[in-house]
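Per chain, numbering begins at 1; letters A, B, ... match sequence-line order.
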2 protein chains.
Amino acid sequence: MTKKPADPAGENAPAARQVPMRDFSRSLPMSLLRAREAVMRQFRPSLREHGLTEQQWRILRALAGIEAAEVTELARTAFLLGPSLSRILRDLEARNLIERKTAKADQRRSMVSISKEGVKLMASVAPTSEAIYAEITRRFGARKLVELQDMLGELEQSLAGLGSGEGASAEE
Amino acid sequence: MTKKPADPAGENAPAARQVPMRDFSRSLPMSLLRAREAVMRQFRPSLREHGLTEQQWRILRALAGIEAAEVTELARTAFLLGPSLSRILRDLEARNLIERKTAKADQRRSMVSISKEGVKLMASVAPTSEAIYAEITRRFGARKLVELQDMLGELEQSLAGLGSGEGASAEE
DNA sequence: CGGAGATACTTAACATGTTAAATGAATGCG
DNA sequence: CGCATTCATTTAACATGTTAAGTATCTCCG
């Protein structure tokens, strides 16, 4: 493996810090990023084998349990920004994994639904995906997993309505 | 705000689910993604005002406390992939925020360090950044924040050495 | 010492994140 | 009714994520 003898995170630096910031590796965004990456690393290879990216898979999953959804709604559910979703839907449609038809009442809206092929693809991916999730749960502990997700939800709630012009004063 | 009366996550679907998967919005990757986004949403505007992206800021922070670092080491510290780092370093160097010189002993390695200008820029961003972090801590609770980060670290540990060919058998 | 293999970094190619602007369609109000 | 405003979606432009391939350098072994 040719591991270096020590210094697992740049600890050998000769103490030249002038700005008294929180230790970098322990910042909340970093912790969240690393944890998420550790999790996604487990899923990516399997998805890749089926020709799907993480985001494409999110969209299929979001569509799996419903008849159809508007693009905006889907963006919220799959947690994707509009432009990303727009591109991905174009590609998924070209691959016949989803279907689209504009709403009758409002020509602006388009209803998106998963296709038969899409369902089939999901069925072929889901078992592996579930197995991986089960293994993660086993390793980390089911109890702790629930606890972690509760805390993540609370964090999200704590910050809801901050920073996005949601606050108070200056509108533009 | 024009909130729809109900249906906070596509619950109005007429029960067409055939694949018995975990509720989408409660998957671990989604929870982590949403939590991280909620946090980053707080920081991005401030960084943007200073002409920095999140990743550029991570690199400057990683360099702030040390004399210099090799690119690979920096990639590990700032949690960026080599190609991303390569591009970003090129841009940061063009903006004179970092400096680079190839190591004497090994011409392959290049030592990266933050420049005087880089330090100045950090000093102008850090106060706001710290204030935001403090507000997040206040809202979520300092105690819980530590607990959350501990759990995230444990999760990372639980999954270390899975999935990346680290396992056992099939090499290629 | 010389070339096969390993190493550090960069480039390439494609997909997504992020913000701003454009497009097309509905709504409201005078 | 007509048009400014709002809304849903897409396009554009730039930055990063992700994997594969390329380039230069170094190491080691015969």
Side-chain angles (χ1 to χ4, degrees), chain A residues 1-4 29 33-34 36-37 40-41 43-45 47-49 51-59 68-76 78-95 100-112 163-165 172, chain B residues 1-4 29 33-34 36-37 40-41 43-45 47-49 51-59 68-76 78-95 100-112 163-165 172:
Chain A
M1 276 307 196
T2 58
K3 286 183 182 175
K4 300 251 185 77
L33 179 57
R34 285 208 293 239
R36 185 174 142 81
E37 178 54 27
M40 283 317 299
R41 200 196 317 283
F43 290 100
R44 259 190 284 270
L47 291 178
R48 187 172 175 69
E49 277 179 19
L52 287 175
T53 66
E54 177 196 336
Q55 293 82 356
Q56 292 168 345
W57 175 242
R58 285 222 297 276
I59 292 173
E70 299 173 11
V71 172
T72 302
E73 187 188 348
L74 188 54
R76 194 162 35 80
F79 210 72
L80 292 169
L81 293 177
S84 296
L85 183 53
S86 213
R87 281 176 306 213
I88 301 173
L89 288 179
R90 167 167 48 70
D91 299 346
L92 291 180
E93 190 176 22
R95 287 167 64 183
R100 233 187 318 196
K101 55 183 175 183
T102 58
K104 295 152 199 157
D106 188 337
Q107 296 293 110
R108 293 172 305 182
R109 293 171 157 80
S110 89
M111 303 304 292
V112 184
S164 299
E172 189 70 14
Chain B
M1 269 307 171
T2 61
K3 286 184 182 174
K4 301 251 184 76
L33 180 57
R34 286 209 292 238
R36 185 174 142 79
E37 179 54 28
M40 284 316 300
R41 200 195 317 285
F43 289 100
R44 259 190 285 269
L47 291 177
R48 186 172 176 70
E49 278 179 18
L52 288 174
T53 66
E54 177 195 336
Q55 292 82 357
Q56 291 168 346
W57 175 242
R58 286 221 298 276
I59 292 173
E70 298 172 11
V71 172
T72 301
E73 186 189 348
L74 188 54
R76 192 162 37 79
F79 210 71
L80 292 169
L81 293 177
S84 296
L85 185 53
S86 216
R87 282 176 304 212
I88 300 174
L89 288 180
R90 167 167 49 71
D91 298 348
L92 290 180
E93 191 175 22
R95 288 167 64 184
R100 235 189 315 199
K101 55 183 177 185
T102 57
K104 295 153 198 157
D106 189 338
Q107 295 293 109
R108 293 171 305 181
R109 292 171 156 81
S110 89
M111 303 304 292
V112 184
S164 299
E172 189 68 13

Rounding to an integer number of Å, can you tell me how far [X] [atom1] sits from [N] [atom2]?
{"X": "B/R76", "N": "C/dT7", "atom1": "CZ", "atom2": "C1'", "result": "15 Å"}
{"X": "B/L47", "N": "C/dG17", "atom1": "CG", "atom2": "C1'", "result": "15 Å"}
{"X": "A/M111", "N": "D/dA8", "atom1": "CE", "atom2": "P", "result": "13 Å"}
{"X": "A/L33", "N": "C/dG17", "atom1": "CG", "atom2": "C1'", "result": "13 Å"}
{"X": "B/R48", "N": "C/dG17", "atom1": "CZ", "atom2": "C1'", "result": "12 Å"}
{"X": "A/R44", "N": "D/dG17", "atom1": "CZ", "atom2": "P", "result": "11 Å"}
{"X": "A/L81", "N": "D/dT9", "atom1": "CG", "atom2": "P", "result": "14 Å"}
{"X": "A/M40", "N": "C/dG17", "atom1": "CE", "atom2": "P", "result": "11 Å"}

Report task. Verify side chain to side chain contact (heavy atoms under 4.5 Å, CB included) between B/L80 and B/Q55, making sure each step is shown before the conclusion. Result -> CA-CA 8 Å; B/L80 292 169; B/Q55 292 82 357; 3.7 Å; yes
Distances under 3.5 Å between nitrogen or oxygen atoms of protein and nucleotides 23-28 of chain C:
| residue | atom | partner | partner atom | Å |
| --- | --- | --- | --- | --- |
| C/dA26 | OP1 | A/Q107 | N | 2.7 |

Query raised in the report: What's the verdict on side chain to side chain contact (heavy atoms under 4.5 Å, CB included) for A/R108 and A/V71, showing C-alpha distance, side-chain angles and the deciding distance?
Result: CA-CA 10 Å; A/R108 293 172 305 182; A/V71 172; over 6 Å; no
Which atom of [X] lies closest to which atom of [Y], heavy atoms considered:
{"X": "B/I59", "Y": "B/L74", "answer": "CG2-CD2, 4.1 Å"}
{"X": "A/G51", "Y": "A/Q56", "answer": "O-OE1, 3.7 Å"}
{"X": "B/F79", "Y": "B/R58", "answer": "O-NH2, 3.2 Å"}

Shorter than 3.5 Å, N or O on both sides, protein versus nucleotides 14-16 of chain C: list them out with atom names.
| residue | atom | partner | partner atom | Å |
| --- | --- | --- | --- | --- |
| C/dT16 | OP1 | A/T53 | OG1 | 3.0 |
| C/dT16 | O3' | A/Q55 | NE2 | 2.9 |

Query raised in the report: Between D/dA12, C/dG17, C/dA8, which nucleotide gets closest to the side-chain atoms of A/P83?
Result: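 Comparing D/dA12, C/dG17, C/dA8 against the side chain of A/P83, the answer is D/dA12.
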**Report entry** Derivation and outcome, side chain to side chain contact (heavy atoms under 4.5 Å, CB included), residues B/S86 and B/I88
**Finding:** CA-CA 6 Å; B/S86 216; B/I88 300 174; over 6 Å; no
**Report entry** Flag side-chain contact, heavy atom, 4.5 Å: B/R48 against B/R44
**Finding:**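 The answer is no, as the side chains (C-beta and beyond) never meet within the 4.5 Å cut-off.
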Requested in this report: Pick out which of B/K101, B/R100, B/R87 makes a salt bridge (Lys or Arg N to Asp or Glu O under 4.0 Å) with B/E93.
Outcome: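 That would be B/R100; it is the only one of B/K101, B/R100, B/R87 passing the salt bridge (Lys or Arg N to Asp or Glu O under 4.0 Å) with B/E93.
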Report task. Any chance you could measure A/R109, atom CZ, to A/K104, atom NZ, to the nearest 0.5 Å? Result ->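 That separation rounds to 14.5 Å.
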Requested in this report: Using heavy atoms to find the nearest nucleotide of DNA chain C for B/L89 and A/L85 separately, return the residue whose nucleotide is more 5′.
Outcome: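 Looking at DNA chain C, the more 5' nearest nucleotide goes with B/L89.
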